[in-house]
Colleague: 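Here you go, one structure.
All figures in this text were calculated on a predicted structure; none of them were measured in a lab. In each ligand, atom 1 is the first atom listed, and ligand 1 is the first ligand listed.
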Amino acid sequence: MKQSILFSKTRKEVSAESESINHQLLVRGGFVNQLMSGVYTYLPMGFKVLKKIENIVREEMEEIGGQEILMPALQPKENWEITGRWDTMDDLFKFTSFYSKTDLAIGPTHEEVITPLAKHQIFSYKDLPKYIFQIQTKFRDEERAKSGLLRGREFLMKDLYSFNTSEKELDDYYDGMIKVYNKIYKQIGIADKTYLTFAPGGTFSKYSHEFQTETPAGEDIIYLCKKCKVAINKEIIDEQKVCPECESSDLKEIKSIEVGNIFKLKTKFSQSFNLTYTDKNGKSHLIQMGCYGLGISRLMGTIVEVCHDERGIIWPKEVAPFDIHLISISEDEKSNKIYEILKKEGFDVLFDDREESAGSKFKDADLIGIPTRIVISSKLAKDKKVEIKKRSESDPEIINEEDLIKYLKRS
Ligand code: ATP
Ligand code: MG
């Protein structure tokens with residue numbers, strides 16, 4: 001992609017009211033644009049990052065038996081009355097249809113849709129287990145949507161729902177999901193700071209589990225066991241005062257953001273909707289359910305909070321908008337040639353062919369944060385050399401032009 005024709009532009013400043021780092025860097029870098037508080041447009045580069053995260057998550061959900069569907073965001077009031085959440089969920093967006101005069105909700109989560117849906121698909125033990133997920137825009141009337149992508153009023157979430165015959169089967173699947181979530185955080189580059197966290201389990205389970213990423217931008221407080229690297233959410237520290245793994249009381253208080261939450265719902269929702277299956281003997285039982293949420297857009301914001309320096313974003317390779325940022329310093333012909341070669345070799349390249357000063361091109365490259373920067377200047381071109389610099393490192397390397405592809409494939 002040539003930067004001269006890119007829809008999004010970098011910006012030097014954002015308004016002073018935007019306090020979060022991810023908002024500032026993502027807006028300045030031209031990844032997103034804010035329509036109003038907690039509501040964003042994803043511009044071409046931001047959309048690429050979001051899709052990369054989404055695809056990593058999708059692959060892992062399919063690997064663990066998930067089948068993808070897409071449920072409606074518009075939902076009838078009746079379903080929310082059945083579960084008793086129409087009046088109790090503060091962040092539920094509600095409105096009345098002008099024509100039908102019926103009350104509707106805009107989905108903040110989908111138990112109220114998937115449970116009655118499952119009644120049309122699951123009848124006997126032969127239909128179980130089932131693991132159903134979607135990656136969809138959720139809506140929540142958040143009180144404080146001031147943390148950029150960390151807390152949207154409209155945001156992208158993966159939600160998977162499990163349906164099993166027994167609690168034991170549910171437990172096994174749940175344990176498998178913990179491993180899969182850890183694998184996802186590893187792939188997107190935040191595993192070092194992301195901890196399995198014991199959290200309230202509601203009325204039906206002792207605990208739920210959250211995945212919390214350490215960052216000063218976080219709105220949660222957790223207590224981390226330095227040895228086991230598992231944590232306890234502040235909400236349950238009164239009943240769980242020691243590390244659940246090693247019983248140590250040497251815990252460190254840190255600020256964090258919840259990037260995933262998995263919950264054993266057991267029969268809470270199957271009871272509400274009378275979701276049952278018949279066993280081998282024709283006897284009817286309630287289905288055991290679990291739900292597994294993961295905030296895709298929040299992850300994008302979290303990555304920026306964790307991976308940046310004073311100059312801009314440092315995207316981990318797997319989620320970077322491009323592999324290479326190619327910068328031409330008054331050497332357009334040679335740069336164009338190298339751009340074509342890089343593309344042919346399978347690299348995804350952002351080519352800065354704009355008529356800007358070297359200084360402002362370098363500043364933008366640091367802000368945008370593509371993992372590898374290649375500079376072609378007249379001075380280097382004369383000696384058939386190019387300059388390569390990793391965004392995560394401070395010093396560039398000068399290498400022979402003919403070694404470029406070999407070098408890139410190695411690193
Ligand atoms: P929080 O306590 O931060 O409000 P939550 O407990 O309400 O989170 P869940 O209902 O468990 O969140 O939603 C599943 C996942 O969706 C969360 O782990 C988080 O990653 C993401 N998420 C929740 N609310 C938002 C939001 N307003 N904006 C972006 N992502 C969100
Ligand atoms: Mg919430």
Colleague: Would you mind telling me which of E59, E60, E318, K52 makes a side chain to side chain donor-acceptor pair (under 3.5 Å) with Q187?
Modeller: E60
Colleague: Tell me which protein heavy atom sits closest to atom 31 (C) of ligand 1, plus the residue, atom name and distance to 0.1 Å.
Modeller: F155 CE1, 3.3 Å
Colleague: For atom 11 (O) of ligand 1, grab the closest protein heavy atom and report residue, atom and distance to one decimal in Å.
Modeller: N261 OD1, 3.1 Å
Colleague: Below 4.0 Å from ligand 1: does a non-hydrogen atom of L150 turn up there or not?
Modeller: yes
Colleague: So between E235, R153, E258, whose heavy atom ends up nearest atom 18 (O) of ligand 1?
Modeller: E258
Colleague: Got the closest protein heavy atom to atom 15 (C) of ligand 1, with its distance?
Modeller: G295 N, 4.0 Å
Colleague: Do E169 and Q288 have side chains that get closer than 4.5 Å, going by heavy atoms?
Modeller: no
Colleague: Could you check atom 9 (P) of ligand 1 against the protein and tell me its nearest heavy-atom contact, residue, atom and distance included?
Modeller: R140 NH1, 3.8 Å
Colleague: Check the angle between the aromatic planes of F198 and H209 and answer parallel, tilted or perpendicular using the 30° and 60° thresholds.
Modeller: perpendicular
Colleague: Considering only heavy atoms of E142, which atoms of ligand 1 have at least one such atom less than 4.0 Å away?
Modeller: 24 (N), 26 (C), 27 (N)
Colleague: State, yes or no, whether a side-chain contact exists between L408 and L342 at a heavy-atom distance under 4.5 Å.
Modeller: yes
Colleague: Return yes or no for this condition: an N or O of L294 is under 3.5 Å from an N or O of ligand 1.
Modeller: no
Colleague: Answer yes or no: are there more than 12 heavy-atom neighbours, outside D175 itself, under 6.0 Å from its atom CG?
Modeller: yes
Colleague: Which of the listed options, R151, M157, E143, holds the heavy atom that is closest to atom 16 (O) of ligand 1?
Modeller: M157
Colleague: Just let me know how V259 lines up against ligand 1, side chain, backbone, both or neither, with a heavy-atom cut-off below 4.0 Å.
Modeller: backbone
Colleague: Note the single closest protein heavy atom to atom 28 (N) of ligand 1, along with its residue, its atom name and the distance in Å.
Modeller: G152 N, 2.9 Å
Colleague: Establish, yes or no, whether the cationic atom of K234 lies under 6.0 Å from the six-membered ring centre of Y223 and within 45° of the ring axis.
Modeller: no
Colleague: Under 6.0 Å from the six-membered ring centre of F133 and within 45° of its axis: does the NZ or CZ of R58 meet both?
Modeller: no
Colleague: Parallel, tilted or perpendicular: which one describes the rings of Y339 and F351, with boundaries at 30° and 60°?
Modeller: tilted
